[in-house]
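Structure, as structure tokens:
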Number of protein chains: 2
Amino acid sequence: MLSPKKQKFLDYIKSFISRNDRPPTFVEIMKGLKFNSLGTINWYIVQLESEGLIKRVKGSNGKRALSVLEKNIGNKLPMLGLVAAGMPIEVFDNVEYVDVPSKYINDENYVLKVDGNSMIDDGILDGDYIVVKKSQIARAGDTVVAILNGEATLKKYYLGKNGVELHPRNRKYNIIFVSTDDQLYIQGQVLGVFREYN
Amino acid sequence: MLSPKKQKFLDYIKSFISRNDRPPTFVEIMKGLKFNSLGTINWYIVQLESEGLIKRVKGSNGKRALSVLEKNIGNKLPMLGLVAAGMPIEVFDNVEYVDVPSKYINDENYVLKVDGNSMIDDGILDGDYIVVKKSQIARAGDTVVAILNGEATLKKYYLGKNGVELHPRNRKYNIIFVSTDDQLYIQGQVLGVFREYN
DNA sequence: TTACTTACGAGTAACTTACGAGGTAATAAT
DNA sequence: ATTATTACCTCGTAAGTTACTCGTAAGTAA
């Protein structure tokens, strides 16, 4: 938990970057935050770096520059894209971060937005968000994001007599029996679902 | 069991953290709780720590050493009880705190666990958690927690020709037309739903 | 040179901790 | 019926630590 002053310092850097599309120099921070010494700025930078919240990188022209790591963006996970039945996952180019319960915060997790109704009988509706944990394996009964022959899909994973079965949860769709000819990758396991009302 | 004064003290810390995203200083607690001595604050802290409800993070002493145990930390809201169709809300006596997206953290919100299937067609299943905002009013289309003649229920709120209608979202249940003889209290508006998989 | 980053020593205010003392109120002992 | 005893709570202040700030100087890359 960051002290208020460090938080303010970090917020300034973030907002500077979003305003100017480049990180501030030490002098700019000093003026913006009304400090009187570069030593103070450096002290904060060292502190924040040691706490893993920012890192220093070489700027484009060789001068040093700061960059803020994504991980400090609140209790948020990247929403990587849409998952819809029968389509590759559509990845957004500018990733949004969405607020999730803090227990899900972890490097292995990400968020997808659900497109379509293939899981409607499990209460996963079009437009819901799912928290996915990267994982190549699944247990029977897990809800998983799978890539079958290049197409992504959200299904329940089961083991039947003849191997893996992917069950949609919508009576209109059929169970998929995965044969040995098929290429199946489990991409992740669904940990949670959430939905917002306005 | 905690004495009332200690409970109040602990509650103050918890609510401070959820309001400000950081633990209070001794002075802040002193002012907030209208004590006149830091010694009193320290006495409570020592007491609560020895009862295992609080811990100090920074070893010996130092600034901002106060921190509440994980159980109470973070983005949690009280889960006040169960809401089931046709029953008063069942209030738990020892309130649990559940993790929710941080945007929902605020004194007006709380969490209920859903018991029953009256909203299944809206993807709200038995066992799901709902985030509820205390509110006596509702807009048409809102999902609300309402008390109708003493019975709590989770329904969608609409205005029909003859006044308020409460719609379940399960074909097996009927729409409730609220008459002027009925006592209807809107208790809160549902802001979000979430569900966990194991 | 110019524009910037790093490093260091030292000071101060903010904050926590320790300690001694005292004041109720309830229960037990005389 | 008075007096200890104990648990619970409150105060004031001194001492100890840390977080933050400064100024200055040296280092590094275009």
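Reminder, nothing fancy here: chain letters follow the sequence lines and each chain counts from 1.
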So which protein nitrogen or oxygen atoms get under 3.5 Å of nucleotides 21-26 of chain D's nitrogens or oxygens?
{"residue": "D:dT21", "atom": "OP2", "partner": "A:Y44", "partner atom": "OH", "Å": "2.4"}
{"residue": "D:dC22", "atom": "OP1", "partner": "A:N36", "partner atom": "N", "Å": "3.4"}
{"residue": "D:dC22", "atom": "OP1", "partner": "A:N36", "partner atom": "ND2", "Å": "2.5"}
{"residue": "D:dC22", "atom": "OP2", "partner": "A:N36", "partner atom": "N", "Å": "3.1"}
{"residue": "D:dC22", "atom": "OP2", "partner": "A:T40", "partner atom": "OG1", "Å": "3.3"}
{"residue": "D:dG23", "atom": "OP2", "partner": "A:N36", "partner atom": "O", "Å": "3.2"}
{"residue": "D:dG23", "atom": "N7", "partner": "A:S37", "partner atom": "OG", "Å": "2.6"}

| query | Has A:T25 got a side-chain N or O lying under 4.0 Å from the OP1 or OP2 atom of C:dA3? | reply | no

| task | Could you check how far CG of A:L33 sits from P of D:dC20, rounded to whole Å? | result | 13 Å

| note | Of the candidates D:dC20, C:dA7, C:dT17, the side chain of A:N42 sits closest to C:dA7

| request: Would you mind reading off the distance between A:K6 atom NZ and C:dA14 atom P, rounded to a whole angstrom? | output: 17 Å

| query | Rounded to whole angstrom units, what separation is found between the CD atom of B:Q7 and the P atom of D:dC8? | reply | 15 Å

| query | Can you check the B:F26 CZ to D:dT10 C1' distance for me, whole Å? | reply | 15 Å

| Rounded to the Å, how far apart are A:I41 CD1 and C:dA7 C1'? | 15 Å

| request: Indicate yes or no for a side-chain donor-acceptor contact from A:N109 to the backbone of A:Y104 under 3.5 Å, with no hydrogens or angles considered. | output: yes

| field | Heavy-atom donor-acceptor pair, A:D122 side chain to A:M119 backbone, under 3.5 Å | value | no

| request: Would you kindly give the CD1-to-P distance between A:I29 and C:dA3, to the nearest whole Å? | output: 18 Å

| said: Show me the pairs that pass ring pair (Phe, Tyr, Trp, His ring centres under 6.0 Å) and involve residues 27-51 of chain A, at least two apart or across chains. | reply: A:F9-A:Y44, A:F35-A:Y44

| Between C1' of D:dT10 and CD1 of B:I45, the distance in whole Å | 15 Å

| remark: Note: A:L159 and A:A140 closest approach over all heavy atoms is N-CB, 4.5 Å

| In whole angstroms, how far is the P atom of D:dC8 from the CZ atom of B:F9? | 16 Å

| said: Looking at A:K133, I'd like to know if its NZ atom is crowded, meaning that more than 12 non-hydrogen atoms belonging to other residues, nucleotides or ligands lie closer than 6.0 Å. | reply: no

| message | With a 6.0 Å cut-off (strictly less than), is the heavy-atom count around CG of B:N149, excluding the residue itself, greater than 12? | response | yes

